[in-house]
There are 2 protein chains.
Amino acid sequence: MDIKTKLITAAEQLFDRHGFTATGMDRLTKAAGFSSRTVYKHVGSKAALSALVLSERERRFMHYLDVHSVDALFAALEDWVREEGSRGCLFLRAYSETGGDTPEIAETVTAHKAAFRSHIANVVEQDVGKAGGDALTDQILVLFEGATAASVYRGPEAIVAARQAAALLIEQVRP
Amino acid sequence: MDIKTKLITAAEQLFDRHGFTATGMDRLTKAAGFSSRTVYKHVGSKAALSALVLSERERRFMHYLDVHSVDALFAALEDWVREEGSRGCLFLRAYSETGGDTPEIAETVTAHKAAFRSHIANVVEQDVGKAGGDALTDQILVLFEGATAASVYRGPEAIVAARQAAALLIEQVRP
DNA sequence: ACACAGGTAAAACGATCACTTTACCCTGTC
DNA sequence: GACAGGGTAAAGTGATCGTTTTACCTGTGT
């Protein structure tokens, strides 16, 4: 594992657990075990590192969601939360912590959410065809975001509820 | 309007738009038009002010949601977002920005989310009786959280989708 | 007339912020 | 065996953090 990857991994943990703004670069350099000079040589700035963290997160998360039914989507989210814990969507958190004022972050988040919704649209179509249309896609999207947010304080139960609701909605449009 | 109220109002705007951690106390004192000495005499500390902001937010938000049907719940959220904009749940944002490490904030958030869920349970029962049980309450809760989160990047469309989904779920359990 | 409550501006507190600079120490290659 | 490349530790950059202190002004009640 090269230095950049180690930095991104350490930063993802700290940003996720303590917040982006509240995590100082000195804390990060200590956690990663590099000098601050090396850190800045490899990632340039805190904003750039934040964007790198989000890009890596997207790769990992979307890989997790590489499934072919809506039910499997929520099953995957259950697995994710079991392994990674539940502190809310890291993309929305990064965006709101910075008020959308950090271009590197704002762009990465916008791009991810577009890709995320289009992935859900794909899964929905594979599952029930075009029967549900955009409306069903948005309903599943909302359930997924809601499961992510509510599981912070309701635990896995929130995801179970979302999964049940999704199943009922799917059932109604299935031919 | 007394000083404390003015401070809370100004702080709510700044915290909501730019984040809790990213908003400095000097920026707040300037925006509110008071000296920092007066601010600290009235609110004690930034953490205490954050908790006050959340308490006031809860009062206002729960008043908004004082309705008697699930559909009206989502209609109220649409109104709220139209008037206040959509930057995600301020309670979850406060919690995640501080990693849950600030007791005043953590306690206020936990209390709010408990009250919030119990309010939803009430509304659901008024709407369809006990037919849906806890499962329906959690489904509506997830839809509401999802509408709040997704409307940050999808706009009011996310709330419309949640409202439709809720109507379908309600329809299935109504006697 | 005078004390006092309650506000102000402005400086200072030490800590920490993101980031840079300086000086040094390995280690593999020609 | 000299020489880079690429890492280190540690100090320093000016700015800003949350908070406190100092000294002063002003309106009100007695």
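In this text the structure is predicted, and so the values were computed from the model without any measurement. In what follows, chains are A, B, ... by sequence order, proteins preceding strands, each numbered from 1.
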Side-chain-base donor-acceptor pair under 3.5 Å for Arg37(B) and dT19(D): no

Interatomic distance where NE2 belongs to His42(A) and P belongs to dC19(C) [whole Å]: 17 Å

Arg163(B) side chain reached by Gln139(A) side chain, heavy atoms, under 4.5 Å: no

Euclidean distance, atom CZ of residue Phe15(A) to atom C1' of dC17(C) [Å, nearest integer]: 13 Å

Minimum-distance nucleotide (side-chain atoms of Ile3(B) versus dG7(C), dG7(D), dT20(C)): dG7(C)

d(NZ, Lys4(B); C1', dG7(C)) in whole Å: 17 Å

Distance in angstrom units between Leu28(A) CG and dA18(C) C1', rounded: 12 Å

Under-4.0 Å salt bridge between Lys46(A) and Glu104(A): no

Ring centroid separation Phe116(A) to Phe144(A) under 6.0 Å: yes

Of the listed nucleotides dC17(D), dG7(D), dG18(D), the one nearest the side chain of Asp26(B): dC17(D)

Between CG on residue Leu141(B) and CG on residue Leu73(B), distance to nearest 0.5 Å: 10.0 Å

Residue whose nearest DNA chain C nucleotide is more 5′ - Gly44(A) or Lys41(B): Lys41(B)

Closest-nucleotide 5' rank along DNA chain C - winner of Arg27(A) and Ser36(A): Arg27(A)

Ser35(A) side-chain proximity, nearest of dT8(D), dC17(D), dG7(C): dT8(D)

Distance in angstrom units between Leu7(A) CG and dC19(C) P, rounded: 14 Å

N/O (side chain, Thr38(B)) to phosphate O (OP1/OP2, dG6(C)) under 4.0 Å: no

Rounded interatomic separation in angstrom, taking CE from Met25(A) and C1' from dT16(D): 17 Å

His18(B) NE2 - dT16(D) P separation (whole Å): 16 Å

Sugar-phosphate only, base, or nothing, as touched by Thr29(A) at under 4.0 Å among non-hydrogen atoms: nothing

Nearest-angstrom distance from the residue atom NZ of Lys30(A) to P of dA9(D): 11 Å

Passing candidate, side-chain hydrogen bond (donor to acceptor under 3.5 Å, both in side chains) with Glu58(A), options Lys113(A), His63(A), His112(A): His112(A)

